[in-house]
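Proteins come first, then strands; the chains are lettered A, B, ... in the order of their sequence lines, and each starts at number 1.
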There are 4 protein chains.
Amino acid sequence: MRVFAEHGTDVPVIDDFIRAAGIARGTFYTYFRTTAELLAATSRDLEDRLMVGIEAALADHTDPLQRLATGVRLWLRRAREDQVLCAFVVRSQLRGRLVEDILTRDLRAGHRQGSFRTPGIGVARDLVVGTIREAMARMMTGPVSRHYPDQVAAVILQGLGVESRMIRRLMAMPVPAMPSVLEAQAPVHRPR
Amino acid sequence: MRVFAEHGTDVPVIDDFIRAAGIARGTFYTYFRTTAELLAATSRDLEDRLMVGIEAALADHTDPLQRLATGVRLWLRRAREDQVLCAFVVRSQLRGRLVEDILTRDLRAGHRQGSFRTPGIGVARDLVVGTIREAMARMMTGPVSRHYPDQVAAVILQGLGVESRMIRRLMAMPVPAMPSVLEAQAPVHRPR
Amino acid sequence: MRVFAEHGTDVPVIDDFIRAAGIARGTFYTYFRTTAELLAATSRDLEDRLMVGIEAALADHTDPLQRLATGVRLWLRRAREDQVLCAFVVRSQLRGRLVEDILTRDLRAGHRQGSFRTPGIGVARDLVVGTIREAMARMMTGPVSRHYPDQVAAVILQGLGVESRMIRRLMAMPVPAMPSVLEAQAPVHRPR
Amino acid sequence: MRVFAEHGTDVPVIDDFIRAAGIARGTFYTYFRTTAELLAATSRDLEDRLMVGIEAALADHTDPLQRLATGVRLWLRRAREDQVLCAFVVRSQLRGRLVEDILTRDLRAGHRQGSFRTPGIGVARDLVVGTIREAMARMMTGPVSRHYPDQVAAVILQGLGVESRMIRRLMAMPVPAMPSVLEAQAPVHRPR
DNA sequence: TATGAATGAGGCTTCATTCAT
DNA sequence: TATGAATGAAGCCTCATTCAT
């Protein structure tokens with residue numbers, strides 16, 4: 001993830017990975033055929049870790065509005081602490097399946113119960129995903145205010161049609177802790 | 001632009017351009033030193049055409065809210081008609097200076113006069129840029145409803161804190177025509 | 001043998017053998033240092049089986065003309081039943097010592113007693129070996145008539161100067177059975 | 001041709017060719033994608049030169065027996081003077097279309113008019129091709145007697161059923177000169 | 001004696017860049 | 001100013017070989 005993130009416009013080459021991993025050229029090919037394949041595996045791994053962690057933290061919440069508000073705040077706070085994560089997500093055009101599924105489900109539920117008011121689910125999703133991505137692009141290039149994550153979450157909710165008073169109340173709530181232990185639980189990659 | 005747009009993850013190579021342009025290898029170097037230089041020139045050209053066109057259409061408007069609403073609608077309508085444009089912008093991470101300057105100016109002005117209510121200009125800008133970019137990513141991959149551009153514009157305005165009634169009024173207004181003649185006026189690139 | 005035979009122009013690699021044999025990479029090196037060494041062992045093994053079998057079938061014959069006629073017929077009949085054998089011999093440029101020795105001895109003896117009339121032993125050997133090889137190349141690529149082996153044997157004898165009447169008589173003789181048991185007796189390869 | 005011929009068991013690598021040709025690595029790929037492609041082109045070129053030369057020398061002859069006898073003698077004499085040619089043909093398993101076509105035509109015609117007596121055209125062809133190839137394999141490894149080419153031609157004709165007296169008469173005839181100028185007329189290879 | 005992950009030398013291929021015409 | 005063959009640096013990939021288990 002770090003190698004992918006650190007490389008700017010130019011695509012990282014296999015040499016970068018083997019140097020970072022401290023392995024031999026040939027060893028790379030025992031596990032991946034191309035860097036694209038490695039990118040896919042890394043994305044999947046990242047999504048697994050991050051989204052599973054957030055889901056665990058949201059275990060108690062059932063209200064879609066609260067779930068979404070808390071989920072976005074958790075994601076952005078986590079992102080703010082990790083420029084590498086931001087760079088990776090921004091560069092890799094990550095659109096994890098798990099992210100899409102959970103987000104869409106909550107948007108739909110919130111729409112049904114009248115928490116969100118947008119011209120459709122798709123548009124709502126584009127607002128959420130696009131704004132978060134742009135926020136990560138900003139956090140990737142430099143430090144931001146401690147309040148930035150919640151400010152972004154607030155405009156997102158505002159864009160979804162949530163009332164100002166409710167937004168203020170949601171932002172006043174404490175965010176649950178993300179089980180950091182999950183960070184270590186990297187799924188083992190099976191050699192090809 | 002088409003060559004840049006059509007290339008997915010992998011960066012296009014000089015060969016792609018000379019084949020598309022029907023010129024000889026050496027001729028490329030009469031005009032550009034690298035593909036990065038060509039990309040910069042293409043971006044600048046695109047920005048010139050698009051933003052100058054929108055500015056021209058907004059000539060009459062002075063109210064920042066109206067300017068922003070109309071500008072976003074024009075941009076998205078134009079984008080909807082041109083998948084290549086969308087792909088190019090999404091892929092090239094284009095952040096034109098002109099776009100940033102005009103957008104920031106209008107956001108600031110609108111904020112000052114109370115039209116927008118967000119926790120800051122930066123957050124507002126991230127919402128606008130991120131959502132538009134995501135919308136273009138969607139339009140890049142397939143056709144969308146005729147109403148999609150205005151729906152996206154509506155949630156953006158909602159995210160900026162504009163009242164629903166006002167949004168409806170703005171969306172009901174006709175968009176001015178973009179001087180299509182500009183499309184043809186590709187600024188001539190001077191050989192280096 | 002099958003792996004060597006199936007590979008066309010390109011040389012087979014160790015991976016091909018371990019896959020075919022169902023053994024691990026490292027196990028190969030317990031028995032052979034290189035694929036060339038394996039090829040040599042395979043050739044020797046093949047020669048042992050084939051030539052020893054033919055010699056056994058020729059045990060009763062002492063007349064060099066009859067020995068040669070019968071030996072060639074046996075070889076070609078055996079080859080006709082086994083495309084893999086043909087491919088292996090054609091591809092490996094096999095020139096077994098045993099084959100050369102026995103063939104040369106019979107040609108010389110037949111020459112001395114006036115059965116063969118050629119400008120020399122070497123030329124005779126080239127005719128026999130070259131034609132048999134070419135016949136195997138033909139049988140390697142597809143099925144041939146049941147009579148093909150004997151037809152090839154006939155032109156070879158004709159090339160050696162044997163009279164037509166004698167050729168007909170030789171071809172009318174039944175070929176002795178090759179002790180098929182030998183087929184199974186693969187000499188055990190001693191680990192290095 | 002020289003590079004292909006000089007390499008023994010091991011396949012020549014692109015480096016061998018660029019060194020022999022005195023060109024840069026990349027230049028190779030302007031003309032050929034693989035060494036196999038180069039081999040094919042070289043074979044075609046060789047066949048063109050050699051067979052066209054022999055055909056020119058046979059221009060006066062119409063009798064299939066005389067054509068075949070002279071053609072084989074010319075081929076073998078030419079081969080005797082050029083170990084590189086021999087090595088190349090033996091190694092490349094060359095079976096040029098032109099060779100096959102002309103040979104088959106003459107064998108068929110000779111068969112029809114009773115000059116050849118073999119159990120079939122295919123068998124006759126295998127005898128001719130196989131024996132010539134084996135002769136070239138011999139000439140490839142070392143020098144042979146001045147008479148060797150004609151001796152080989154003689155056993156081939158004998159194998160085709162030509163009478164001894166006739167063979168002697170044919171071998172006594174002088175061989176026509178092969179237009180050596182053709183050697184220089186290498187067909188130009190078009191870049192891919 | 002079998003295993004198979006790790007190794008790195010050797011060969012392959014692309015592609016930006018030059019330059020004589 | 002256009003052309004396109006030639007160039008060679010840079011990165012890719014295979015595969016023979018080792019070695020700890």
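- Remark: Tyr31(B) is in phosphate contact with dA2(F), judged by side-chain N or O atoms under 4.0 Å from OP1 or OP2.
- Between the side chain of Glu47(B) and the backbone N or O of Arg97(B) there is at least one donor-acceptor pair closer than 3.5 Å.
- Atoms CG (Asp16(C)) and C1' (dA16(F)) sit 13 Å apart, rounded to a whole Å.
- Across Cys86(C) and Met139(C), no two heavy atoms sit closer than the pair SG-CB, 4.0 Å.
- Side-chain nitrogen and oxygen atoms of Thr30(D) include none within less than 4.0 Å of the OP1 or OP2 phosphate oxygen of dA5(F).
- Under the Watson-Crick or G-U wobble criterion, with both distances below 3.5 Å, dT21(F) is paired with dA2(E).
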Under 3.5 Å between N/O atoms: give me all the protein pairs with nucleotides 8-12 of chain F, atom names plus distance.
from	atom 1	to	atom 2	distance (Å)
dG8(F)	N7	Gly26(D)	N	3.2
dC12(F)	OP2	Ile14(A)	N	3.4

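- The distance from atom CG of Asp10(C) to atom C1' of dC15(F) is 14 Å, rounded to the nearest whole Å.
- Between Thr35(A) and Asp16(A), the closest side-chain pair of non-hydrogen atoms is not below 4.5 Å.
- When the P atom of dC13(F) is taken as reference, atom CD of Glu37(A) falls 11 Å away, rounded to whole Å.
- To the nearest angstrom, P of dC15(E) lies 22 Å from CZ of Arg33(B).
- Rounded to an integer number of Å, the gap from CZ of Phe28(B) to C1' of dA16(E) is 9 Å.
- Counting to the nearest Å, the C1' atom of dC15(F) and the CZ atom of Phe17(C) are 13 Å from each other.
- Taking all atoms of both residues into account, the shortest heavy-atom contact from Phe88(B) to Ser43(B) is CZ-OG, 3.8 Å.
- In this structure, CE on Met140(A) lies 4.0 Å from CZ on Arg91(A), to the nearest 0.5 angstrom.
- Atom CZ in Arg19(C) sits about 17 Å away from atom C1' in dT3(E), given to the nearest Å.
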Q: Apply ring-ring contact (aromatic ring centres under 6.0 Å, His included) to the pair Phe17(B) and Phe4(B), showing each step before the final yes or no.
A: CA-CA 9 Å; Phe17(B) 294 108; Phe4(B) 279 118; 4.9 Å; yes

Q: Verify side chain to side chain contact (heavy atoms under 4.5 Å, CB included) between Ile18(A) and Thr27(A), making sure each step is shown before the conclusion.
A: CA-CA 8 Å; Ile18(A) 67 173; Thr27(A) 307; over 6 Å; no

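- Comparing Thr34(C) and Gly22(D) by the nucleotide of DNA chain F that holds the closest heavy atom to each, the one mapping nearer the 5' end is Gly22(D).
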